[in-house]
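Step one of this worksheet: look at the structure below.
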Amino acid sequence: MAYLQIAIDGPAGSGKSTVAKEISKRLGITYLDTGAMYRAVTLEALNHKVDLHNPEALKKIVNQMDLNMTVSKLYVNNIDVTDAIRTPEVTRNVSVVSMDAYVRSEMVKMQQKIALGQAVIMDGRDIGTVVLPNATYKFFLVADPTERAKRRLLELKAKGFEATLEALVEEIILRDELDSNREISPLKKAEDAIEVDTTSYTIEEVVVLILDYVKGVRK
Ligand code: CDP
Ligand code: CDP
């Protein structure tokens, strides 16, 4: 039996996870935040103070990690790291860790296993191209970098972190560059993905638009 698979890719702050989470609720299907998995590996690597450019060190980190995800929580070796993976330090370092071949192959294996036995909506950078190349629907969300940085600024301020819009624009552009130009599974729109520019859309508008495609109302 073929299960419904929805792939949502795009750069940082384009709205992927917020929109994917909401769609998963409305359709009653499993949501997987694949970025959270790369963030968890990054957090572990930072906590163990390993060289993030050293493949052997990263391999060790991945092999000693027991990663568990529920609807709203992420655990590494039974420790709740849901908030710890969202710090600016993890965000600044995650793109380097995500370039690593072993890290990627292990994460992709886990993601594909999760999609085997159930309907899913997954968001990330390589879902439509690598993780679920035969997904039922593929979307590629984009938005103007300044708008994406503004969204991030609001989020960070709400969590009590200091940040400026200029620094966040720079950081977002740098992360996009690293994610788009890496050798393995770069951030790239799948040929058969539907591109949605969310710059001037509300979350609800993007959710409705995607659901219209899934329901066949829009083609
Ligand atoms: O939410 P935000 O856009 O900040 O990023 P995220 O989805 O949490 O992903 C964090 C980082 O993980 C990205 O910048 C990528 O470097 C990496 N990532 C990846 O390489 N492949 C994925 N499928 C998901 C995330
Ligand atoms: O997952 P990704 O990094 O693509 O973005 P996100 O974490 O879903 O969204 C980043 C922030 O932008 C969140 O605080 C969302 O509430 C907000 N957002 C928005 O204001 N308008 C949208 N159309 C999409 C997201």
Side-chain angles (χ1 to χ4, degrees), residues 6-25 31-43 46 69 72 74 81-99 107 111 121-131 137-182 185-190 193-211:
I6 306 176
I8 314 259
D9 290 301
S14 54
K16 302 179 298 296
S17 54
T18 313
V19 163
K21 222 176 281 170
E22 187 54 32
I23 292 175
S24 86
K25 271 193 219 149
Y31 164 59
L32 188 69
D33 176 354
T34 64
M37 298 168 73
Y38 292 95
R39 284 173 177 275
V41 178
T42 307
L43 176 70
L46 289 170
M69 295 173 94
S72 57
L74 194 151
V81 296
T82 315
D83 294 328
I85 61 165
R86 306 277 163 203
T87 62
E89 195 194 4
V90 171
T91 304
R92 270 197 307 276
N93 289 291
V94 64
S95 289
V96 169
V97 173
S98 316
M99 283 177 191
M107 295 306 119
Q111 292 154 10
I121 179 162
M122 274 190 206
D123 85 297
R125 302 293 187 285
D126 59 344
I127 310 304
T129 50
V130 174
V131 182
Y137 299 97
K138 297 180 187 178
F139 297 92
F140 194 79
L141 306 191
V142 295
D144 174 74
T146 307
E147 171 61 25
R148 291 190 277 130
K150 278 186 191 159
R151 293 174 181 171
R152 268 297 131 85
L153 186 62
L154 285 179
E155 262 182 352
L156 286 172
K157 287 210 163 148
K159 286 186 197 163
F161 289 111
E162 295 278 331
T164 65
L165 185 62
E166 295 69 33
L168 285 175
V169 172
E170 246 178 62
E171 193 183 293
I172 272 190
I173 291 175
L174 173 70
R175 192 141 62 95
D176 288 354
E177 264 172 27
L178 291 173
D179 290 345
S180 307
N181 295 315
R182 69 181 174 221
S185 311
L187 164 66
K188 196 173 89 184
K189 177 180 167 296
I194 297 160
E195 184 165 323
V196 181
D197 186 338
T198 73
T199 308
S200 53
Y201 285 178
T202 62
I203 292 158
E204 181 62 20
E205 282 170 331
V206 182
V207 168
V208 168
L209 184 85
I210 290 182
L211 284 175

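Between Val19 and Ile203 the shortest side-chain heavy-atom distance falls below 4.5 Å. With a 4.5 Å cut-off on side-chain heavy atoms, Val131 and Thr34 do not count as touching. When side chains are defined from C-beta on, Leu187 does not count as touching Asp126, because their heavy atoms never get closer than 4.5 Å. Looking at Leu32 and Ile121, their side chains never come closer than 4.5 Å, going by heavy atoms from C-beta outward.
Applying the side-chain hydrogen bond (donor to acceptor under 3.5 Å, both in side chains) test between Thr91 and each of Arg86, Arg39, Glu171 identifies Arg39 as the sole match.
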Walk me through whether Ser95 and Asp179 qualify under side-chain hydrogen bond (donor to acceptor under 3.5 Å, both in side chains).
CA-CA 6 Å; Ser95 289; Asp179 290 345; 2.9 Å; yes
Pair Lys16-Arg125, side chain to side chain contact (heavy atoms under 4.5 Å, CB included): steps then yes or no
CA-CA 10 Å; Lys16 302 179 298 296; Arg125 302 293 187 285; 3.4 Å; yes
Are Phe140 and Val142 close enough, and set up right, to give a side chain to side chain contact (heavy atoms under 4.5 Å, CB included), and what steps lead you there?
CA-CA 7 Å; Phe140 194 79; Val142 295; 3.6 Å; yes
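Contact between Ser98 and Val94 at its shortest, heavy atoms only, is OG-O, 2.6 Å. The shortest non-hydrogen separation linking Asp123 to Ser17 is OD2-N, 3.5 Å. Nearest heavy-atom pair, Tyr31 versus Asp33, reported as atom, atom and distance to 0.1 Å: OH-CB, 3.1 Å. What you find for Val169 and Ala149 is that their closest heavy atoms are CG2-CB, 3.5 Å. Between Leu156 and Pro88, the shortest heavy-atom contact is CD2-CG, 4.4 Å. Listed here is the closest heavy atom pair of Leu141 and Gly15: CD1-C, 3.9 Å.
By the neighbour-count criterion of 12 heavy atoms within 6.0 Å, atom NZ of Lys157 is sparsely surrounded, having that number or fewer from other residues, nucleotides or ligands. Within a 6.0 Å radius of OH in Tyr137, more than 12 heavy atoms belonging to other residues, nucleotides or ligands are found. Taking a 6.0 Å sphere around CD of Glu170, one finds it holds 12 or fewer heavy atoms contributed by other residues, nucleotides or ligands. Other residues, nucleotides and ligands place more than 12 heavy atoms under 6.0 Å from the CG atom of Asn181.
Going from atom OG of Ser180 over to atom NZ of Lys188 covers 11.0 Å, rounded to the nearest 0.5 Å. Between Ile6 atom CD1 and Lys138 atom NZ the span is 13.5 Å, to the nearest 0.5 Å. Taken to the nearest 0.5 Å, the CZ atom of Phe139 stands 11.5 Å off from the CG atom of Asp9. The distance from the CE atom of Met122 to the CD atom of Gln111 is 6.0 Å, given to the nearest 0.5 Å. Between Glu204 atom CD and Leu209 atom CG the span is 11.5 Å, to the nearest 0.5 Å. Summarising the geometry, atom NZ belonging to Lys21 is positioned 9.0 Å from atom OG belonging to Ser72; distances are rounded to the nearest 0.5 Å.
The side-chain hydrogen bond (donor to acceptor under 3.5 Å, both in side chains) pairs that include a residue from residues 139-152 are Glu147-Arg151, Arg148-Asp176, Arg151-Thr198, Arg152-Glu155, where partners are two or more places apart or lie in different chains.
Applying the side chain to side chain donor-acceptor pair (under 3.5 Å) test to Arg92 and every residue at least two apart in sequence or in another chain returns nothing.
Of the possible polar contacts, none joining the Thr42 side chain to the Asn93 backbone as a donor-acceptor pair under 3.5 Å is found.
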